[in-house]
Amino acid sequence: MTELLAPAGNPEALDAAIGEGADAVYLGLKSFNARLRSSNFAWNQFEGAVQSLHRMGKKIYVTVNTVCEEHETERLYRFLNYLNRIKPDGLIVQDFGVVRMCQEFAPDLELHASTQMNVESAAAANLLCREGIKRVVVARELGLEEIKSIKQNTNAEIEMFVHGALCVSESGLCLFSSYLGGKSANRGMCTQACRRFYTADLPGTTGTGYYFSPCDLQLIDHIPDLMEAGVDSFKIEGRMKSAEYVGAVTAAYRFVMDHWKEDRKGAIAEGKRILSTDFARSKTDYWYGFKDVNEGISQGGEKILNPSQAGGTGIYLGKIASLRESTEEERKLSLEGRPEFKSEEERKAAFIQMAVLKGGTYIPDPGDSIRLHRKDDSERESHKVRVVKQDAKGDTWIDVPLGFTVGDSVYLLQTKSMSKRYKRVLPVDLSKCRRQPGPERLPILDLTELKKNELSWFPEGLYVEVSTASDAHAVQILHPVRLIMEINNESLNDLLKKDTPEKPLLPFSKKMTILALDPFVPEGTAALLKENLDVLIQKGYTTFIVNNLAHINMLKTKKDVHMIAGPYLYTFNKWAVSFLENQNIMALQTPIENSERNLEETFASKAERSRVLVSVFGYPVLFRMRFKLPKDYDFTFFRDKESTSFKVNSTPDGSFVMPELPFSITDKMETLKNKGWTRQLIDFSKTSVSKAELRTMVNLLRNKTVIPETSRFNWKDGFYNPEKMEAYQAIAAKNEERKASGKKPPVRKKK
């Protein structure tokens with residue numbers, strides 16, 4: 001029987017999900033989850049929810065689906081120990097380090113591979129199944145036949161998203177938000193930069209639009225087929241959505257799941273009627289309805305992208321035209337019926353101001369849910385309207401959260417008529433729910449010591465990556481110890497057909513050539529990839545950069561084949577490295593969004609650093625799309641409101657967005673060598689190189705000069721840290737208070 005799994009971003013959404021018939025819910029706590037901007041659950045609320053749902057025969061899954069830095073591993077260990085005591089029904093995880101820790105310290109916790117783990121094939125699912133993962137949440141960019149094939153060829157349970165917001169990027173492979181300010185999607189801090197308004201350089205003119213803002217997924221028409229295919233769980237996206245939204249969508253899918261056998265057409269029609277109250281973006285069934293993979297790649301962009309669709313959600317209500325402070329009476333009215341605040345943070349979040357909207361055709365009523373968007377796209381927030389007043393001039397004032405200002409846009413999410421009162425799931429008395437993570441110390445993990453000559457095939461020196469055979473000839477001027485050839489549609493075809501012993505395609509021997517595999521391995525092309533890898537190995541290629549679990553499964557048993565864990569097999573901590581060691585992978589290329597500090601903490605000794613390839617130059621792929629861009633996307637370069645320029649490349653392998661200016665720490669190469677990072681990568685993949693550019697690069701490297709107009713990415717500052725930012729803001733606020741009061745800051749006594 002297929003499970004219906006609903007989101008619970010807060011207790012009200014939990015009530016709605018269960019009230020409308022969800023079999024299970026998934027939720028996050030205050031850390032280590034991919035929706036840090038949602039309300040999430042306090043410790044006592046979570047403990048109470050587990051108790052209540054288990055009494056009801058329902059299941060509850062916890063999201064622990066972010067990557068973890070080395071300095072966070074002890075806190076992660078304590079968190080996992082806490083979860084092991086509370087006993088939810090499963091953990092949804094991304095980081096291999098979480099998997100490895102649970103294997104070691106909490107083997108009874110059921111693990112589900114998050115969609116962020118980038119699983120889109122039976123080969124990847126089977127590897128995880130052998131590692132004790134019970135369920136995989138497959139990537140959203142898969143079609144029905146691919147889902148069927150995965151289910152038929154793995155013992156793992158299959159969970160899939162059926163409704164809600166889509167990422168334009170292939171699952172788990174987006175670096176865009178991280179590149180723009182350290183707010184990594186892999187860390188739960190995605191700022192949805194893809195949905196912003198961009199200016200594109202069209203032939204002879206410029207155009208504007210929400211070029212990469214995807215439609216919302218809706219698979220209600222395909223529920224009967226997916227149930228017949230044996231999918232184990234249907235997942236609704238929406239941990240940041242309102243309780244009304246969760247209730248309506250859960251009710252729609254519950255109805256179709258329960259009634260399609262008796263009246264397929266009628267059940268789907270009724271489900272769609274229930275969903276008509278979902279005022280979110282226009283809907284798409286994305287990868288469904290294509291006759292084959294090639295048609296999907298060719299036409300998928302037309303089905304998911306709508307550049308005229310605002311990044312906003314819902315029916316447009318207008319922009320804030322006027323603002324005023326709320327009165328005491330209005331503040332009291334806005335708090336009626338709300339539960340008691342658990343913290344000062346919750347209380348402040350409830351503060352309101354009054355606003356007049358202009359430009360829309362509907363005036364919200366009390367009980368309607370709205371979504372506010374800052375005009376600079378820096379913040380979005382959902383809000384339930386509780387106060388509506390008309391003044392003597394005929395203007396209607398509604399309550400909105402603090403922090404928004406004149407010019408910000410407002411959208412309608414749900415109307416009051418959709419609201420229902422649901423039975424409360426959480427116990428009224430939570431006083432007995434007192435457990436929290438404890439003070440346990442994480443046992444020290446030592447990485448496996450390398451045997452003598454174990455990595456003789458992975459020498460010290462400069463590595464250079466390219467995408468074409470012609471570029472491989474051009475980069476000889478850099479004298480790399482190894483050439484890395486990116487495997488794409490063009491290079492693979494050349495290697496298979498043009499590379500012969502009599503006339504080698506590349507100017508480097510096969511021993512000196514490493515093949516870098518694409519991180520997205522959909523089921524529809526996985527079998528062909530495995531065949532091609534066998535041919536490449538027969539031709540004499542023995543070293544591969546693997547970027548997907550499917551690659552490991554395909555190559556693990558091959559004799560005399562060497563694997564380097566690529567940058568998309570995220571290794572931000574020792575425990576993730578240890579997981580890969582258990583797959584017989586001892587060398588790795590660090591993720592490009594990693595920081596110097598975290599890299600040094602993860603690999604503390606020079607012996608450990610001898611297994612790491614560090615990127616010092618490249619054009620990082622910020623997000624990747626499993627389709628060609630629509631025909632009217634006649635541009636390569638586009639810009640955001642800060643005039644930061646990006647380029648997009650549409651190919652038979654899909655589409656790729658990169659910054660116009662590269663990432664570079666080439667001026668640090670000598671320092672890095674002295675610290676033990678003796679294997680360094682200059683990456684020209686997904687771009688072309690000229691001899692003039694290479695000569696310039698040689699001179700810059702020789703003179704140890706900073707390459708102008710380049711980015712450090714997160715190398716220096718690391719990931720954005722909301723806790724540090726809050727602490728900094730609190731100190732700044734206290735200093736301002738002291739200045740205003742005339743008080744001097746406290747003098748710290750010398751010891």
Side-chain angles (χ1 to χ4, degrees), residues 3 5 26 34 61 63-67 90-100 102-103 110-162 166-167 169-174 185-186 217 226 229-235 237 286-287 293 517-527 529-530 546-556 565-571 576 579-580 582-583 585 591 624 626 654:
E3 170 189 89
L5 176 58
Y26 64 102
Y61 307 125
T63 55
V64 193
N65 56 341
T66 63
V67 295
L91 271 56
I92 304 170
V93 303
Q94 175 188 9
D95 194 328
F96 300 137
V98 177
V99 177
R100 183 70 183 82
C102 288
Q103 290 173 334
E110 184 174 301
L111 300 182
H112 299 177
S114 167
T115 188
Q116 288 293 108
M117 201 179 273
N118 185 25
V119 177
E120 56 275 332
S121 67
N126 287 334
L127 185 146
L128 289 172
C129 202
R130 290 195 296 270
E131 291 296 323
I133 307 293
K134 185 175 181 182
R135 177 184 294 185
V136 296
V137 186
V138 293
R140 279 169 274 200
E141 42 282 326
L142 293 174
L144 176 60
E145 294 307 313
E146 290 178 306
I147 297 291
K148 286 181 179 178
S149 178
I150 294 172
K151 181 59 185 174
Q152 291 167 1
N153 292 288
T154 183
N155 290 323
E157 292 182 3
I158 301 301
E159 177 178 307
M160 60 175 292
F161 283 96
V162 294
L166 280 170
C167 292
S169 178
E170 293 165 348
S171 298
L173 304 178
C174 184
N186 288 314
L217 184 67
L226 291 165
V231 173
D232 298 280
S233 181
F234 292 146
K235 188 173 196 172
E237 184 277 336
Y286 197 11
W287 264 84
V293 169
L517 304 180
D518 191 272
F520 192 74
V521 186
E523 180 69 8
T525 58
L529 173 63
K530 189 174 186 305
V546 292
N547 279 299
N548 189 291
L549 294 168
H551 299 150
I552 302 175
N553 204 9
M554 293 173 184
L555 294 172
K556 195 173 181 179
Y568 291 101
L569 290 177
Y570 301 121
T571 46
F579 175 88
L580 292 171
N582 290 345
Q583 312 305 318
I585 298 177
R624 315 162 54 92
R626 194 195 179 189

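Numbers here are sequence positions counted from 1. This structure is a prediction, so every number in the text was calculated from the model and none was measured.
- When every heavy atom of E141 is checked against every heavy atom of S169, the shortest pair comes out as OE1-O, 3.7 Å.
- Taken from CG in N553 to CG in N126, the straight-line distance is 6.0 Å, to the nearest 0.5 Å.
- To the nearest 0.5 Å, atoms CD (E159) and OG (S114) are separated by 9.0 Å.
- For the residue pair N118/S171, the side-chain donor-acceptor check at 3.5 Å is not satisfied.
- Side-chain contact between E146 and V293: present, with at least one pair of heavy atoms (C-beta onward) separated by less than 4.5 Å.
- For the pair L549/F96, a side-chain contact is recorded, criterion being any heavy-atom separation below 4.5 Å from C-beta on.
- Residues N548 and Y568 fail the side-chain proximity criterion, which asks for heavy atoms closer than 4.5 Å.
- In this structure, CD on E110 lies 4.0 Å from NZ on K134, to the nearest 0.5 angstrom.
- Note that CG of L173 is 8.5 Å distant from CD of Q116, once rounded to the nearest 0.5 Å.
- One finds the CG atom of L580 at 7.0 Å from the OG1 atom of T571 (value rounded to the nearest 0.5 Å).
- The ring-ring contact (aromatic ring centres under 6.0 Å, His included) search around Y61 returns H112, not counting sequence neighbours.
- One N or O on the side chain of D232 and one on the backbone of I158 form a donor-acceptor pair closer than 3.5 Å.
- At least one side-chain heavy atom of L569 sits less than 4.5 Å from a side-chain heavy atom of I552.
- In this structure, R140 forms a cation-pi arrangement with F161, its terminal cationic atom sitting closer than 6.0 Å to the ring centre and no more than 45° off the ring axis.
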List, one per line, each side-chain donor-acceptor pair under 3.5 Å for residues 519-526, sequence neighbours excluded.
unit_1 : atom_1 : unit_2 : atom_2 : d
E523   : OE1    : A122   : N      : 2.8
E523   : OE2    : S149   : OG     : 2.6
T525   : OG1    : P522   : O      : 3.4

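- Counting heavy atoms from C-beta outward, T115 and E237 have side chains that stay 4.5 Å or more apart.
- Nearest heavy-atom pair across D95 and T66 is CB-O, 3.5 Å.
- The shortest heavy-atom contact between K148 and A229 is CG-CB, 3.7 Å.
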### Task
Verify side-chain contact (heavy atoms from CB on, under 4.5 Å) between M160 and F234, making sure each step is shown before the conclusion.
CA-CA 5 Å; M160 60 175 292; F234 292 146; 4.3 Å; yes

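- The two residues L5 and S233 come nearest to each other via the heavy atoms CB-OG, 3.6 Å.
- Distance check, rounded to the nearest 0.5 Å: CG of L517 to CG of L555 gives 6.5 Å.
- Put simply, the side chain of H551 gets close to the backbone of D518: a donor and an acceptor are under 3.5 Å apart.
- At a threshold of 4.0 Å, the pair R626-E120 does not count as salt-bridged, since none of the basic side-chain nitrogens sits closer than that to a carboxylate oxygen.
- When all heavy atoms are compared, the tightest approach of A125 to A156 is O-CB, 4.4 Å.
- When each of V138, V137, V99, N65 is checked for a side-chain contact (heavy atoms from CB on, under 4.5 Å) with M117, only V99 meets the rule.
- Closest of all the heavy-atom pairs between L128 and A113 is CD1-CB, 3.7 Å.
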